[in-house]
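Report on the following structure.
In what follows, residues are counted from 1 in the order of the sequence shown. For clarity, every value in this text was computed on a predicted model and none was experimentally measured. The figures here come from the full heavy-atom set of this structure, side chains too, leaving out hydrogens, waters and symmetry mates.
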Amino acid sequence: MAALQVKPTRMELSNLKKKRKVAVRGHKLMKDKRDEMVRRFIIFVRRNRELREQVEQKLAAAMQAFVLARATMSSEAIEEALSCPARPATVSVGTRQVLSISVPKLSLDTTEGFDYPYGFMTTSSELDEAVQAFAEVLPLLIELAEVEKTCNRLADEIEKTRRRVNALEYVMIPQFDEAIRTITMKLDENERGNLTRLMKTKDMIASRE
């Protein structure tokens, strides 16, 4: 660890003490922020795991129903039945703040209710189940994408904050402490030297009287 290059003056000592005080306060604030980010990160990670499990289960059920539908219906009939969406849907993309960190905010805009986009005369119940399952999984997929990206942003910010905290704790504050100790020792040494010279001068003057 390289030492700070400072002049051994009382002004410099005062400035260093002020800088150290700011660094200590900044270290505490960033450490508190890091701890809170870790707490929020754990909450989002748990939600991410829950959503992923739900999405995987629903997608598995939807794909299974779709495979059964393909076994009972022709490809042309399936393509015709699915040529129109069950309901219109759009995804709005924005941002929100989590501990001053910009994270994505995804909103699914769709109509209320659910209607099959085809008649029931030429389709199977398995296709109905597949379409229903895919419609149910879409909001979960949108939320999963939002939560997963939020986890990534928080993880990056936690790592940056951790490096700053370590830099303050193990580099800057120890450098300030070492510089303050060095200047204090130098000033004390100078003061003792001045006091010694003053006493010698006083003795010399007294011996001449």
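Side-chain contact annotation: E53 with Q57, donor-acceptor N/O pair under 3.5 Å absent.
Annotation for P139 and A135: closest pair CD-O, 3.4 Å, computed over non-hydrogen atoms. When every heavy atom of P104 is checked against every heavy atom of E146, the shortest pair comes out as O-CG, 3.3 Å. Taking every heavy atom of both residues into account, C151 and N48 meet most closely at SG-CB, 4.4 Å. Between K7 and I183 the shortest heavy-atom distance is O-CD1, 3.7 Å. Looking at every heavy atom in both residues, M30 comes nearest to T161 through O-CG2, 3.5 Å.
L51 and F41 fall within a single hydrophobic cluster, where Ile, Leu, Val, Met, Phe, Trp and Tyr side chains are chained together by heavy-atom contacts under 4.5 Å. By the rule that hydrophobic residues join a cluster once side-chain heavy atoms approach within less than 4.5 Å of another member, I101 and V147 end up as members of one cluster. Taking hydrophobic clusters as Ile, Leu, Val, Met, Phe, Trp and Tyr residues chained together by side-chain heavy-atom distances below 4.5 Å, V38 shares a cluster with V45. Two different hydrophobic clusters hold Y170 and V22 under the rule that ILVMFWY side chains link at heavy-atom gaps under 4.5 Å. Linking Ile, Leu, Val, Met, Phe, Trp and Tyr residues whenever their side-chain heavy atoms come within less than 4.5 Å leaves V137 and I142 in two separate clusters.
Here the CG atom belonging to L108 is positioned 5.0 Å from the CG atom belonging to L138, to the nearest 0.5 angstrom. In this structure, CE on M37 lies 5.5 Å from CD on E157, to the nearest 0.5 angstrom. The distance from atom NE2 of H27 to atom CG of L29, rounded to the nearest 0.5 Å, is 10.5 Å. Interatomic distance, NZ of K19 versus CD of Q175, reported as 11.5 Å (0.5 Å rounding). The line from OG1 of T150 to CD of E143 is 10.0 Å long, rounded to the nearest 0.5 Å.
No side-chain heavy atom of R164 sits under 4.5 Å from any side-chain heavy atom of L168. Residues S14 and K18 meet the side-chain proximity criterion, which asks for heavy atoms closer than 4.5 Å. With contacts defined as side-chain heavy-atom distances shorter than 4.5 Å, the pair K149/V103 does not qualify. Looking at E148 and R52, their side chains come closer than 4.5 Å, going by heavy atoms from C-beta outward. Counting heavy atoms from C-beta on, the side chains of D109 and V91 never come closer than 4.5 Å.
Among the candidates Q97, R153, R96, the single residue satisfying the side chain to side chain donor-acceptor pair (under 3.5 Å) test with S102 is Q97.
Sorted by first and then second residue, the salt bridge (Lys or Arg N to Asp or Glu O under 4.0 Å) pairs involving residues 97-108 (not counting sequence neighbours) form an empty list.
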- Task: Any chance you could lay out the side-chain contact (heavy atoms from CB on, under 4.5 Å) test for I43 and R47, step after step, and finish with the verdict?
- Result: CA-CA 6 Å; I43 293 174; R47 180 57 179 163; 5.7 Å; no

- Item | Candidate pair E129 and L68, rule side-chain contact (heavy atoms from CB on, under 4.5 Å), full reasoning | CA-CA 10 Å; E129 293 177 10; L68 292 175; 6.0 Å; no

- Query: For E159 and R163, what are the C-alpha separation, side-chain angles and deciding distance, and is it a salt bridge (Lys or Arg N to Asp or Glu O under 4.0 Å)?
  - Reply: CA-CA 6 Å; E159 179 59 23; R163 287 198 295 266; 3.4 Å; yes

- Message: Walk me through whether L140 and L144 qualify under side-chain contact (heavy atoms from CB on, under 4.5 Å).
- Response: CA-CA 6 Å; L140 295 176; L144 177 60; over 6 Å; no

- Query: Is there a salt bridge (Lys or Arg N to Asp or Glu O under 4.0 Å) between D32 and K28 once you walk through the steps?
  - Reply: CA-CA 6 Å; D32 291 343; K28 182 181 183 306; 3.0 Å; yes

- Message: I'd like to know whether R20 forms a side-chain contact (heavy atoms from CB on, under 4.5 Å) with I173, so could you lay out the CA-CA distance, the side-chain angles of the two residues, the decisive distance to 0.1 Å, and finally the verdict.
- Response: CA-CA 6 Å; R20 185 190 184 280; I173 293 177; 4.1 Å; yes

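The 12-atom threshold is exceeded at NZ of K33, counting heavy atoms of other residues, nucleotides or ligands nearer than 6.0 Å.
Residues E50 and R46 are not paired through a salt bridge, judged by the lack of any N-O separation under 4.0 Å between the basic side chain and the carboxylate.
The side-chain hydrogen bond (donor to acceptor under 3.5 Å, both in side chains) test applied to N166 returns no partner, not counting sequence neighbours.
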